[in-house]
Every structure is written in C-alpha cells, then in structure tokens.
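Both counts, for ligands and for their atoms, begin at 1 and track the order of listing.
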Amino acid sequence: MNNGKICISIASDSADELLSQFGQAEPVADVVELRLDGMITDEIKKVFANVKPTKPVLFTYRPSSQGGKAADDPNERAGFWMTLFTECEVERELMWFDNEMDFGTALKWPDGYISIRSFHDFGGIPAGLNTIYDGLASFNQIIKIAAMADDVSAAIPLWNLIERARSESKSIIPIAMGESGKWTRILGLAHGAFMTYAPLDAGAETAPGQISAADMIDVFRVKELDRETEVFGVVAGDASYSVSPWMQNAAFKAAGMNRVFVPLQVDDLDEFISRMVKPQTHEVELNFRGFSITNPHKQAIMRHLDEIDETAAKIGAVNTVKIEGEKLCGYNTDAPGFIAPLKEHFGDLKNASVSVVGAGGAARACIYALKQEGANVTLFARDVSKATVLAEEFGVKLKESQILNLRSEISECDILVNATPLGTKGEKQDKSIATAEQLKDVKLVYDLIYNPTDTLLIREAKAAGVRAIGGLEMLIAQGAEQFEIWAGESAPVEAMSTAVRKKLNL
Ligand code: NAP
C-alpha cells in the first residue's frame with residue numbers, strides 16, 4: 001500500500017458532458033482533473049457554477065505549447081483563472097490547480113491552495129531535466145514533469161527525479177508518456193510519486209500512454225504496490241498488443257502475491273538490460289524479478305542470460321526470464337504451452353504427420369515440441385532460404401509455400417498448424433492458410449492466433465467438419481508455465497483464463 005493518488009483526467013468541449021463524466025469519475029478517483037482548455041467561456045462558467053465536488057478537483061487550462069488547446073498568451077490564460085476565483089464556489093481545500101512553468105508572474109495566486117507547476121514535452125525526454133526541475137521547484141508547488149519516452153530506458157532520468165524530490169522533501173509527479181513510458185505510470189506511486197493520471201475509460205486518454213482508471217486500480221493495483229513489490233513484465237517491440245499484463249496480474253492477485261506485471265516496450269534491448277535490469281549496472285532500482293519475452297527479442301535476449309535451460313537452448317529462443325539473485329535465467333514455455341492442448345485434443349502424437357506453416361519464433365518452438373513427441377513434421381515457408389536453417393536444425397522436411405498460392409500438399413497431413421500471422425485481427429484478419437475444400441482430409445487444425453479466437457482458418461475447418469483449436473489455450477498454457485517458473489507453485493489457471501477472456505471481450 002502507498003500514499004499516492006489516482007487522478008482521473010477528463011476533458012470535453014461540453015459542460016454537460018464533462019459534469020456527467022465527473023459524476024462517474026469522482027467515486028473512483030482520489031482527485032478528478034477537469035481539463036477546461038477545450039471549452040468556450042460560457043461552457044466553462046457552466047462547469048464552475050455546477051461542479052459540486054466532495055473530493056479534490058484539479059482545474060487545468062493547458063496552453064497549446066504544452067499540449068493543450070488554450071492560447072499560449074499567459075495574460076489570456078490569467079483571465080481563465082480570474083473567472084475561476086470569482087465564479088467558482090468550490091471550497092478552497094477541494095480546489096486544486098495545475099499551472100504551467102511559463103505562467104510565472106501573470107497572476108498573483110491566492111495562498112492556501114494546493115497547486116501543481118507543470119512542464120510537458122511531447123517531443124521526447126528533454127536534456128537538462130534538473131534545470132527544469134529547479135525552475136518548477138522555485139514556485140514551491142507540486143512538481144509535475146511529463147515527457148514522451150521513445151524507449152523504455154529513455155524514461156530513466158525522469159524517473160530518478162523521484163529520488164531527488166524525496167531527498168529535498170518535495171512532491172513530484174514524473175510521467176514518461178507513450179507506450180514505452182507506461183511503467184512510470186504504474187510503478188510511480190509505489191516509489192513515492194505524488195499522483196498518477198488515468199482516463200475514465202480506454203479511448204478517453206488525455207495524454208499518450210495513459211491506462212484506464214479501472215485497469216490501474218483492478219489490474220495493476222497501483223495503490224497497493226510498494227517498494228517491496230516484485231516487478232515482472234512483458235518485454236516486447238510493441239507491448240500494446242500483449243494481453244500478458246491482464247493474465248499475469250490476475251494470477252498474482254489470485255495468489256495473493258505482492259507482485260505486478262507491467263508492459264515494457266523495448267526498442268534497444270541491450271540498453272534496457274544494462275541500464276534497468278542487470279544488478280551490476282542498473283541505474284534504477286525497480287525490483288525486477290522476471291520477464292515474458294516476445295517479438296522481436298526472443299533470440300537477442302539469450303546473449304544477456306547467465307543460464308539457459310535445456311529446452312530453451314535446443315529451441316534457440318527464450319520467452320521467459322527469471323531473475324534469481326544476480327543471475328538472469330532463461331526458459332521457453334512456448335513449446336510445452338503449444339503441445340499440452342494438442343495432446344489433449346489429439347492424443348498420442350507419435351508418427352502423426354504434421355504440417356507447420358510459417359518459420360518464425362513460434363514455429364521453432366512448435367517443431368521442437370512435435371519432434372519430442374515423435375511426430376513427422378513438414379515445414380512450409382515462403383522464404384525457403386531462411387527456413388532451411390530451421391529445417392536442418394530440427395531435421396524436418398521443408399517445402400516452399402507462397403500462402404496466397406497454396407500448394408495442395410499443405411493439407412496432406414493429420415494436423416495442420418498455422419504459425420504465421422495470417423488471420424490476426426486487423427488487415428490480415430480475412431486471410432487463411434487453407435480453404436475448407438483443402439482441409440477435408442485433415443484430422444485437426446491448430447491455429448496459434450488467439451485474437452480473434454474464431455479465425456478464418458478455424459471457420460474453414462469447421463465448415464469442412466474438421467476439429468480445430470485456436471491459440472487461446474496455448475496462450476494460457478504458456479502463461480501458466482511462466483507463472484510456475486517465477487512462483488514455484490501451480491498457476492491459478494482459472495483466474496488467468498477469465499482475465500484473458502475478459503480482456504479479449506470473449
Ligand atoms: P514471426 O517470428 O514473425 O514469424 C512469422 C512467420 O510467418 C514467418 O516465417 C513469416 O515469414 C511467416 N509469414 C508472415 N506473413 C506471411 C504471409 N503473408 N505468407 C506466408 N508466410 C508469412 O512470428 P511468431 O512469433 O512465429 O508468431 C507467429 C504467429 O503465432 C503470430 O500470429 C503469433 O501471434 C502467434 N503466436 C501465438 C502464441 C500463443 O500463445 N497462442 C504464441 C506465439 C505466437 P517470413 O519470415 O518470410 O516473414
């Protein structure tokens with residue numbers, strides 16, 4: 001448990017809409033921020049006349065130079081604040097302000113209010129953060145610095161201002177914006193940040209990288225975290241698609257553990273490991289205990305590990321890291337996660353003929369697991385030169401297949417596995433590696449894609465009367481194995497499955 005606050009930030013150009021959102025936000029938030037810079041004066045006055053808070057309400061009138069919609073001229077902005085002081089009847093202790101660094105002398109602020117001095121940079125983490133901090137600190141108000149992080153470790157200098165503020169007994173709100181900065185929003189309160197911001201709902205963000213209030217409270221449990229909290233995360237080139245934070249946080253919660261799982265959007269893996277993870281070199285003390293590793297880092301992570309278990313070494317990819325003392329240990333749970341549902345649905349795989357389409361990281365784990373079970377595997381790939389390495393490594397047959405011009409041999413098998421992204425939500429959703437006509441002699445189709453669950457391939461299989469499994473079971477099975485590696489106890493699979501299904505609206 002920590003003392004930080006969750007501020008739900010709401011913005012609208014309509015007073016009625018804003019007041020309605022206020023009514024929904026106030027019961028959930030510690031503080032509600034009203035962003036009034038998108039509103040005309042008459043609407044603003046309507047808000048002032050009708051807002052009746054029972055908790056602190058933070059008024060913000062952000063100029064365009066700081067990412068808002070108000071004019072930059074401080075004198076014009078002073079007009080807004082004068083109207084607030086004269087027309088708004090909110091009690092003094094519930095009326096908070098956010099005013100920007102450049103707004104120094106345009107108005108004499110009345111005493112006795114809680115106010116924030118803020119600085120925003122949407123272009124990146126600025127050089128000279130300590131000078132910016134000095135400028136903000138000179139007002140003797142709460143210091144807020146929000147800047148865009150283009151990589152996970154770019155946020156480090158901003159994060160480290162928490163320590164400076166603590167040593168100077170100042171309150172600070174450091175926020176790294178964007179997907180790569182989400183960890184600062186989630187972990188900030190545990191480390192002493194004064195407040196973290198969240199929108200009422202996903203889609204209503206007032207700054208990049210915000211996480212909905214419901215997820216901050218129920219999924220990441222940000223107010224329950226402290227410096228002892230053990231931190232895990234998904235290391236991904238694009239973390240925004242990962243459902244692992246929902247799955248693993250549900251597991252930690254069900255198991256009653258002081259652990260949290262955060263999205264870590266990593267571009268430069270070497271920097272991340274050396275500056276944020278390796279006990280000997282890290283510049284931040286976040287208490288990382290493990291990671292789920294996904295594209296494109298599953299192979300690159302291996303050079304940073306002190307130990308790699310036998311399965312992961314044979315597969316040549318690591319999707320799970322456990323930090324034990326000073327050691328980073330690598331595992332692969334994709335293979336067991338893939339094979340468990342298959343054996344459940346198909347039974348013994350010895351001598352079963354299996355076509356695997358796609359020759360990426362997932363195919364690698366599937367082929368390894370299938371060979372272990374004694375299956376006869378044929379690999380289909382569009383780039384034969386690239387796939388040759390994989391085929392030779394595992395001793396499987398290789399056939400060239402341009403997916404949009406499928407060869408009939410692809411379905412001359414007992415089991416057809418799709419290990420390509422064809423069928424995934426988005427622009428590839430209407431693609432399938434095979435048609436119902438081609439599938440009629442196949443015994444089982446296994447599509448690794450889990451979003452959507454009902455891919456075109458699965459629908460084609462059903463149309464052909466063929467059993468089909470989607471990727472959801474694998475996702476949960478590999479996640480459960482990860483939990484077991486980190487926790488040393490069996491995973492609360494039911495809670496994990498429920499959380500994933502809820503996240504995917506299933
Ligand atoms: P990856 O490393 O990027 O490999 C994708 C493979 O698909 C590559 O061989 C690629 O060929 C091939 N491919 C892509 N587009 C193609 C097309 N239009 N026609 C033919 N081949 C195409 O990805 P991955 O990690 O192996 O993942 C593959 C899929 O499995 C993804 O959809 C992923 O979400 C899913 N997956 C699911 C789980 C789960 O738990 N359910 C776990 C892991 C992966 P090139 O090399 O020529 O580009």
Ignoring hydrogens and angles, write down the donor-acceptor pairs under 3.5 Å from the side chains of residues 495-506, residues two or more places apart or on other chains.
unit_1	atom_1	unit_2	atom_2	d
S497	OG	R501	NE	3.3
T498	OG1	E494	O	2.8

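Side chains of N319 and D334: a donor on one and an acceptor on the other come within 3.5 Å. Of the N and O atoms on the side chains of Q482 and T320, at least one donor lies less than 3.5 Å from an acceptor on the other residue. Checked by atom type, the side-chain pair S385/D383 shows a donor-acceptor distance below 3.5 Å. Side chain to side chain, T229 and N258 meet the donor-acceptor criterion of an N or O pair below 3.5 Å.
For ligand 1, one of its N or O atoms has an N or O atom of K386 under 3.5 Å away. Considering backbone and side-chain atoms alike, I449 places every N or O at 3.5 Å or more from each N or O of ligand 1. At a 3.5 angstrom cut-off on N or O pairs, L472 does not count as close to ligand 1. The distance criterion of under 3.5 Å between nitrogen or oxygen atoms is not met by L422 with respect to ligand 1. Residue-to-ligand polar distances place R382 within reach of ligand 1: an N/O pair is separated by less than 3.5 Å. Taking only nitrogen or oxygen atoms, main chain and side chain alike, N295 reaches within less than 3.5 Å of ligand 1. Distances between N or O atoms of A362 and those of ligand 1 include at least one value under 3.5 Å.
The closest side-chain heavy-atom distance from S411 to V442 is below 4.5 Å. The side-chain heavy atoms of V266 and H297, taken from C-beta on, include a pair separated by under 4.5 Å.
Residue A419 touches ligand 1 through its backbone alone, judged by heavy-atom distances below 4.0 Å.
Near D383, meaning under 4.0 Å from one of its heavy atoms, ligand 1 places the atoms 47 (O). Listed by number with element, the atoms of ligand 1 under 4.0 Å from a non-hydrogen atom of G471 are 39 (C), 41 (N). Each of the following atoms of ligand 1 lies closer than 4.0 Å to a heavy atom of Y450: 41 (N).
Considering only non-hydrogen atoms, atom 1 (P) of ligand 1 lies nearest to G360 out of G470, G358, G360, S385. Looking at G423, A477, G361, A365, it is G361 that brings a heavy atom closest to atom 2 (O) of ligand 1.
Taking the centre and axis of the six-membered ring of F119, the NZ or CZ atom of K144 falls outside the cone set by 45° and 6.0 Å.
Between the CD1 atom of I323 and the CZ atom of F291 there is a distance of 4.5 Å, given to the nearest 0.5 Å.
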